[in-house]
2 protein chains.
Amino acid sequence: MSKNYVNYGKCSAGKPGSTMEITGARFNLSPMSDQFETIILDAIHKVDLSKVWAETDHISTVYRGREEAVFDTLKAAFVFAYKKGVHMTLEATVSKGCPGDSDSDYTLEMDEPRANKEESSVIDFPVIGKFALYPMGSDDYMGTIAEVVNEGIDRGVVTGSGHYGTNLGGNVQDVFDYLEYVSNKVGSEVSHYVSQITLHCNVPEGDIK
Amino acid sequence: MSKNYVNYGKCSAGKPGSTMEITGARFNLSPMSDQFETIILDAIHKVDLSKVWAETDHISTVYRGREEAVFDTLKAAFVFAYKKGVHMTLEATVSKGCPGDSDSDYTLEMDEPRANKEESSVIDFPVIGKFALYPMGSDDYMGTIAEVVNEGIDRGVVTGSGHYGTNLGGNVQDVFDYLEYVSNKVGSEVSHYVSQITLHCNVPEGDIK
């Protein structure tokens with residue numbers, strides 16, 4: 001039996017596999033409710049996907065396209081899944097410039113990339129969470145991370161840091177604005193970055209220690 | 001008002017902030033059930049933490065210590081939270097060698113690091129998921145990733161790959177054995193790596209497209 005081994009040998013650090021400036025997000029919604037299927041499917045189906053390439057399978061959902069369109073659809077999926085009182089976690093990987101990427105599976109609409117803005121911007125609620133930033137193939141990555149973390153402190157959405165992550169807190173709209181700034185800033189400075197994000201809403205009262 | 005800006009200026013790529021070979025995992029359990037609090041707290045409290053440093057806050061839980069002890073406790077938290085028929089997602093960041101790390105908040109027990117082995121090894125169930133590997137401060141990171149992905153294909157636990165991740169599937173014990181191999185292999189080759197993991201159990205039948 002032949003196995004489909006992978007070979008990334010033609011990839012070089014510093015040289016994005018896609019030449020099209022494609023940003024992508026792979027994410028999971030986890031509403032901690034017996035109604036999780038309905039909540040997830042209703043939200044996923046409500047998102048206007050006209051400005052991104054999208055795929056949902058058993059494991060996760062992927063959106064690919066312009067940075068503005070990817071953040072617009074990712075935020076829409078999360079806020080459309082919000083239910084008062086239902087604890088939910090969003091886990092998202094946002095990435096751009098992977099040497100293993102290719103000029104496929106994308107939509108790059110140049111006009112009006114934020115198809116969900118009108119509907120999603122009116123839904124606001126508090127979130128807490130964390131993110132970690134991985135500028136790849138760069139020696140000076142800690143300096144880049146410090147710069148965007150300090151901007152988050154100025155904006156009031158970076159609330160501290162712990163092992164393996166920087167803590168986030170604030171209204172979901174402000175936190176998403178900040179996360180898009182992070183991708184934009186880092187994407188303009190390094191050829192390949194990954195931003196790993198976890199956001200929680202309706203966190204139960206009381207410390208779970 | 002003074003702000004607590006961060007400064008990572010003294011960190012250098014290739015030089016781990018900790019000299020103690022500390023591995024760490026930061027993770028979230030998301031049981032998609034109205035009983036999520038009980039499920040999470042019961043599991044977290046059942047884990048024998050005698051061989052790791054541990055902290056749980058509103059956002060996530062962190063274990064730090066020897067690599068074997070961290071994987072032992074991480075797997076224990078996940079399998080102890082398993083309930084028949086309850087869809088659950090584990091999101092975990094496993095990391096070693098961060099230049100911003102320090103020789104603090106750890107337990108490095110040298111003998112019998114797998115305190116939960118007896119109880120956790122008898123719980124087995126199918127999982128699907130994905131992982132992404134980020135060898136930091138290295139130019140040859142795609143080659144390292146290809147090597148461990150091919151080992152996963154040989155073991156039968158790597159089931160494919162998509163944008164921004166490599167797909168996992170199999171019994172939870174085999175998948176955790178493989179993820180520990182990945183950390184061990186990559187940790188021996190690069191000074192700083194991050195392995196970002198998502199695992200799902202009790203995934204609803206049917207494609208959720």
Side-chain angles (χ1 to χ4, degrees), chain A residues 3-9 11 13 24 26 28 30-34 36-37 40-41 56-60 62 64 87 89 91 93 95 98-100 105 128-130 132 134 136-137 139-143 145-146 149-150 153-154 161-165 167 194 196 198 200 203-204 207-209, chain B residues 3-9 11 13 24 26 28 30-34 36-37 40-41 56-60 62 64 87 89 91 93 95 98-100 105 128-130 132 134 136-137 139-143 145-146 149-150 153-154 161-165 167 194 196 198 200 203-204 207-209:
Chain A
K3 292 177 178 173
N4 291 317
Y5 289 118
V6 297
N7 180 352
Y8 302 135
C11 301
R26 180 177 283 279
N28 288 101
S30 300
M32 279 161 258
S33 157
D34 290 351
F36 72 94
E37 274 191 272
I40 295 172
L41 294 181
T56 295
D57 61 22
H58 284 301
I59 298 171
S60 47
V62 181
R64 280 163 61 84
H87 180 36
T89 297
E91 183 241 306
T93 304
S95 178
C98 180
D105 300 342
I128 61 171
K130 63 186 167 71
Y134 310 119
M136 304 295 292
D139 279 345
D140 189 28
Y141 56 95
M142 299 305 283
I145 296 172
V149 169
N150 287 332
I153 292 169
D154 278 338
S161 63
H163 297 292
Y164 319 117
N167 292 343
V194 176
Q196 180 67 37
T198 310
H200 309 289
V203 177
D207 203 320
I208 57 167
K209 272 183 187 169
Chain B
K3 292 178 177 174
N4 291 317
Y5 289 118
V6 298
N7 181 351
Y8 302 135
C11 302
R26 180 177 283 279
N28 288 101
S30 300
M32 278 161 259
S33 156
D34 291 350
F36 72 93
E37 273 191 273
I40 295 172
L41 294 180
T56 295
D57 62 21
H58 284 298
I59 297 171
S60 47
V62 180
R64 281 163 60 85
H87 180 37
T89 297
E91 182 242 307
T93 305
S95 177
C98 180
D105 301 342
I128 61 171
K130 63 187 167 70
Y134 310 118
M136 303 296 292
D139 279 345
D140 189 28
Y141 57 97
M142 298 306 284
I145 296 173
V149 169
N150 287 332
I153 292 170
D154 279 338
S161 62
H163 296 294
Y164 320 116
N167 291 344
V194 175
Q196 180 66 37
T198 309
H200 309 288
V203 177
D207 202 320
I208 57 167
K209 271 183 190 171

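Keep in mind that the numbers below use all heavy atoms, side chains included, and drop hydrogens, waters and symmetry copies. Order of the sequence lines sets the chain letters (A, B, ...), proteins ahead of strands, with each chain counted from 1.
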*Distance in Å, B:T198 OG1 paired with A:N28 CG, rounded so as to fall on 0.5 Å steps*: 5.5 Å

_Measuring from atom NZ of B:K130 to atom OG1 of A:T93, what distance do you get when rounded to the nearest 0.5 angstrom?_
4.5 Å

*asked:* Using a strict threshold of under 4.0 Å (side-chain N to carboxylate O), is an ion pair present between B:R26 and A:E91?
replied: no

*For A:P204 and B:H58, work out which heavy atoms get closest and say how close.*
O-CE1, 4.0 Å

*Considering all heavy atoms of both residues, which atom of A:G24 and which atom of B:Y164 are nearest to each other, and what is their separation?*
CA-OH, 3.0 Å

*Portion of B:S33 that has a non-hydrogen atom of chain A nearer than 4.5 angstrom*: both

*Gap separating the OG atom of B:S95 from the OH atom of A:Y134, nearest 0.5 angstrom*: 6.5 Å

*Quick one: CG on B:N167 to OG on A:S60, what's the gap to the nearest 0.5 Å?*
7.0 Å

*Considering all heavy atoms of both residues, which atom of A:S30 and which atom of B:M32 are nearest to each other, and what is their separation?*
OG-CE, 3.5 Å

*Which atom pair, heavy atoms only, marks the closest approach of A:H163 to B:V62?*
CB-CG1, 4.3 Å

